[in-house]
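Here is the structure we will look at, set down as structure tokens.
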Amino acid sequence: QVQLVESGGGLVQPGGSLRLSCAASESIFRLGWYRQAPGKQRELVATITSGRSANYRDSVRSRFTISRDNAKNTVYLQMNSLKPEDTAVYYCYARNLLGYEFWGQGTQVTVSS
């Protein structure tokens with residue numbers, strides 16, 4: 001079982017920045033982030049493979065950057081120009097080459113003035 005430990009969430013004003021981190025217990029093919037706002041479905045934010053091929057949700061592409069440090073089994077999400085609509089619980093996500101998925105506990109990101 002892959003364990004995912006997240007950090008970096010918090011309260012930030014609109015236009016501000018946060019960096020989320022997620023450390024995986026072992027190397028894994030795909031890492032990324034989903035988010036879920038109250039009353040809404042969980043949605044993909046960004047993912048990245050071990051080869052550093054990244055995908056982004058269109059609404060965050062110009063503002064967020066996903067990266068990973070394979071030596072540390074850690075994925076990061078740099079979030080800039082945050083908007084109130086980015087407010088959600090952000091969940092670290094992992095998927096191995098067999099298609100098994102793993103989830104972190106979630107970290108709250110609140111964007112509010």
Side-chain angles (χ1 to χ4, degrees):
Q1 183 81 1
V2 176
Q3 184 178 3
L4 304 172
V5 180
E6 301 151 320
S7 62
L11 174 65
V12 65
Q13 295 188 50
S17 297
L18 286 172
R19 190 172 86 144
L20 306 182
S21 299
C22 174
S25 59
E26 60 192 77
S27 63
I28 196 160
F29 173 65
R30 187 180 296 276
L31 292 166
W33 298 90
Y34 282 67
R35 66 187 183 187
Q36 188 167 26
K40 299 182 69 177
Q41 287 189 293
R42 189 173 298 186
E43 62 185 24
L44 183 146
V45 180
T47 64
I48 187 168
T49 68
S50 59
R52 298 182 175 85
S53 178
N55 293 98
Y56 295 90
R57 185 178 193 85
D58 285 346
S59 62
V60 310
R61 181 178 298 273
S62 64
R63 300 182 294 121
F64 293 6
T65 301
I66 190 168
S67 61
R68 64 187 286 170
D69 184 339
N70 289 338
K72 297 180 179 180
N73 299 325
T74 299
V75 62
Y76 306 94
L77 185 68
Q78 179 67 46
M79 304 186 293
N80 298 326
S81 302
L82 282 161
K83 304 175 180 180
E85 51 263 45
D86 295 316
T87 295
V89 177
Y90 283 68
Y91 295 92
C92 187
Y93 162 86
R95 183 181 176 94
N96 67 19
L97 286 170
L98 297 178
Y100 290 97
E101 297 180 334
F102 308 90
W103 296 92
Q105 80 284 357
T107 185
Q108 177 70 47
V109 172
T110 302
V111 185
S112 177
S113 58

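Only heavy atoms go into these numbers, but all of them, side chains included; no hydrogens, no water, no symmetry mates.
If you chain together hydrophobic residues whose side chains sit under 4.5 Å apart, L18 and L77 fall into the same group. The same ILVMFWY cluster, assembled from side-chain heavy atoms under 4.5 Å apart, contains both V2 and Y90. Linking Ile, Leu, Val, Met, Phe, Trp and Tyr whenever their side-chain heavy atoms come within less than 4.5 Å puts I66 and L31 in one cluster. Placement of V109 and Y91 in two distinct hydrophobic clusters is found when ILVMFWY residues are connected by side-chain heavy-atom separations under 4.5 Å, directly or transitively. Note: the hydrophobic cluster containing I28 also contains L98 (ILVMFWY, side chain heavy atoms under 4.5 Å, direct or indirect links).
Taking the six-membered ring for Trp and thresholds of 30 and 60 degrees, Y34 and W103 have ring planes more than 60 degrees apart, a perpendicular arrangement.
Applying the 6.0 Å contact sphere to CD of E101 captures more than 12 heavy atoms from other residues, nucleotides or ligands.
Side-chain N or O atoms of R68 include one that pairs as donor or acceptor with a backbone N or O of I48 at under 3.5 Å. Remark: the backbone N or O of G106 is paired with a side-chain donor or acceptor of E6 at under 3.5 angstrom. Panel note: side chain Y93, backbone L44; no donor-acceptor pair is recorded below 3.5 Å.
Side-chain contact, T47 with R30: a donor N or O sits under 3.5 Å from an acceptor N or O. N73 and S27 form no side-chain donor-acceptor contact under 3.5 Å, judged by distance and modelled atom types alone.
Here the closest heavy-atom approach between residue A46 and residue Y56 is recorded as CB-CD2, 3.6 Å. Here the closest heavy-atom approach between residue V75 and residue C92 is recorded as CG1-SG, 4.0 Å. The nearest pair of heavy atoms linking T110 to Q108 is OG1-NE2, 3.2 Å.
Side-chain contact check for V12 versus M79: every heavy-atom pair is 4.5 Å or farther apart.
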